[in-house]
Protein chains: 2
Amino acid sequence: MTASASSRLSIEDWTERALALVMDEGVGAIKINRLCKELGVTKGSFYWHFADLDALLEAIAERWCAETRTLLGSLSALDDLPPLERIRAMALRLIDGPSFSVERALREWARSDAKVAAMIVESDQFVFELVQAALVDLGHTPEGARMRAGLLVYAGIGFAHGQNSLPQPTADDIEDLVAFLAGEAAR
Amino acid sequence: MTASASSRLSIEDWTERALALVMDEGVGAIKINRLCKELGVTKGSFYWHFADLDALLEAIAERWCAETRTLLGSLSALDDLPPLERIRAMALRLIDGPSFSVERALREWARSDAKVAAMIVESDQFVFELVQAALVDLGHTPEGARMRAGLLVYAGIGFAHGQNSLPQPTADDIEDLVAFLAGEAAR
DNA sequence: ATAACTCCATACCTTAGGGTATGGTGACGG
DNA sequence: CCGTCACCATACCCTAAGGTATGGAGTTAT
């Protein structure tokens, strides 16, 4: 459906569908037969494109890593914004509800795929350093900025993994949070 | 080995071993044959004690919930400590490395077991309210305390799920963190 | 002592899912 | 027009794992 209109499938058709599956049902949901059914083919097709399941997993890991890397690159555009805006943008990104299941799926995946794990580390690092730099721009010491940025990033990760245990923060709450983290700058 | 010396097994022997398995390998690692081998029996024994796998899962969920509830009860002893000590205790608890895999296993488990999920929510809530109360005792407004406590608890959850993406905080870092969260009390 | 009950072993069934072998069909170059 | 190759269908095998049926051995009560 989302794939190309051609009756023949390409590698990209497979990785695209498989990636979508990983995102909203986890890597454990990838079954060859199921994928085939969703793509309207049978296993004969799959094993022509890929040697085995691991080959498919590796392919979609590669693809996801590439996509994520370009996404991080595009995020560098935030550098032009004022520091507080940068922090706010990251905080809002961390609170984005629909992406929670994706976040969980990715970290679960990372536990069985080194490439994915490395990419996630890189991604976390990226956000962390972005926030830290913004805090330094606001006049914080590197150490103070480090602690605050770490707190925000880890809270973001935790937010995706907590099962709505605590009341969900509103937009106003985020404002308070950003103000708190950015506060008492020149101490 | 850890079970009773008797040659016959009890329900507790099964739930104990299974719970240990869940903790350090996740709920997905529970296989009937494997459990039997570890306990030195065969499936005939398992299916005498339990109707099926779900019955076993339910039993260990029940057991874990009970154990966790008493653990939370014992944690109420912290109420006598000064507020800052209470927060510090919770912060250190959240950073406890060896329990990370347990934390992950539990939340994964919670996604397929409502009882476990509810217990985790209760547990998170407990820690959250404890920290929040301590912050209020320090002179914070309920709203300020709420935000700070939420930040700490979520960061703790995230810390267990991040794959060492960011540099691990030292004991000194925790001190700074607690001081930061508790800081600027009477504003 | 023996009947009854508890706990467990053995053998077997069934399903899901990864993987393989082989043949067929459409498109395209020669 | 025909062969070749890319792509796929069909049929099959193998293993892991949950589940069942049945019988046997140890224990306990009467």
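Since the model is a prediction, treat every value here as computed from it, not as a measurement. Naming convention: chains lettered A, B, ... in sequence-line order (proteins, then strands); numbering from 1 in each chain.
The distance between atom CG of B:Asp52 and atom P of D:dG19, rounded to the nearest whole Å, is 5 Å. The nearest whole Å value for the distance from the CG atom in B:Leu57 to the P atom in D:dA17 is 15 Å. Computed from coordinates, the B:Leu56 CG to D:dG19 P distance equals 10 Å when rounded to whole Å. One can place CG of A:Asp13 at 13 Å from C1' of D:dC7, the figure rounded to the nearest angstrom. Atom NZ of B:Lys43 and atom P of C:dC8 are 16 Å apart (whole Å). Rounded to whole Å, the distance from CD1 on B:Ile11 to P on C:dC8 is 10 Å. Rounded to a whole Å, the CG atom of B:Asn33 is 13 Å from the C1' atom of D:dT15. A straight line from CG of A:Leu35 to P of D:dC8 spans 13 Å, rounded to a whole angstrom.
Connection of B:Val136 to B:Val153 is not established within any shared hydrophobic cluster, with ILVMFWY side chains joined at heavy-atom distances below 4.5 Å, either directly or through further cluster members. With hydrophobic clusters built from ILVMFWY side chains whose heavy atoms lie under 4.5 angstrom apart, B:Val131 does not share a cluster with B:Val121.
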Inset, instruction - Please lay out, stage by stage, how A:Arg111 and B:Glu108 fare under the test salt bridge (Lys or Arg N to Asp or Glu O under 4.0 Å). - result: CA-CA 13 Å; A:Arg111 247 168 281 143; B:Glu108 178 205 353; 5.2 Å; no

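Between the side chain of B:Arg8 and the base of C:dT6, a donor-acceptor pair under 3.5 Å is found. Put simply, the side chain of B:Lys31 and the base of D:dG18 share no donor and acceptor less than 3.5 Å apart.
Taking the side chain of B:Trp48 as heavy atoms from C-beta on, and the options C:dT6, C:dA9, D:dA6, the nearest nucleotide is C:dT6. In the set D:dT10, C:dG18, C:dC8, the nucleotide with an atom closest to the side chain of A:Thr42 is D:dT10. For A:Leu53, taking side-chain heavy atoms from C-beta onward, the closest of the listed nucleotides C:dG19, C:dC8, D:dC7 is C:dG19.
Residue contacts for A:Ile30: at a heavy-atom cut-off of 4.0 Å it reaches the sugar-phosphate backbone alone, with no base atom in range. B:Tyr47 comes within 4.0 angstrom of a nucleotide base, judged by non-hydrogen atoms across all strands.
Aromatic rings of B:Phe128 and B:Tyr154 (six-membered ring for Trp) have centroids beyond the 6.0 Å cut-off, not under it.
Across all their heavy atoms, B:Asp13 and B:Arg8 have their closest contact at OD2-O, 4.1 Å.
Phosphate proximity of C:dT6 to B:His49: absent, as no side-chain N or O sits under 4.0 Å from OP1 or OP2.
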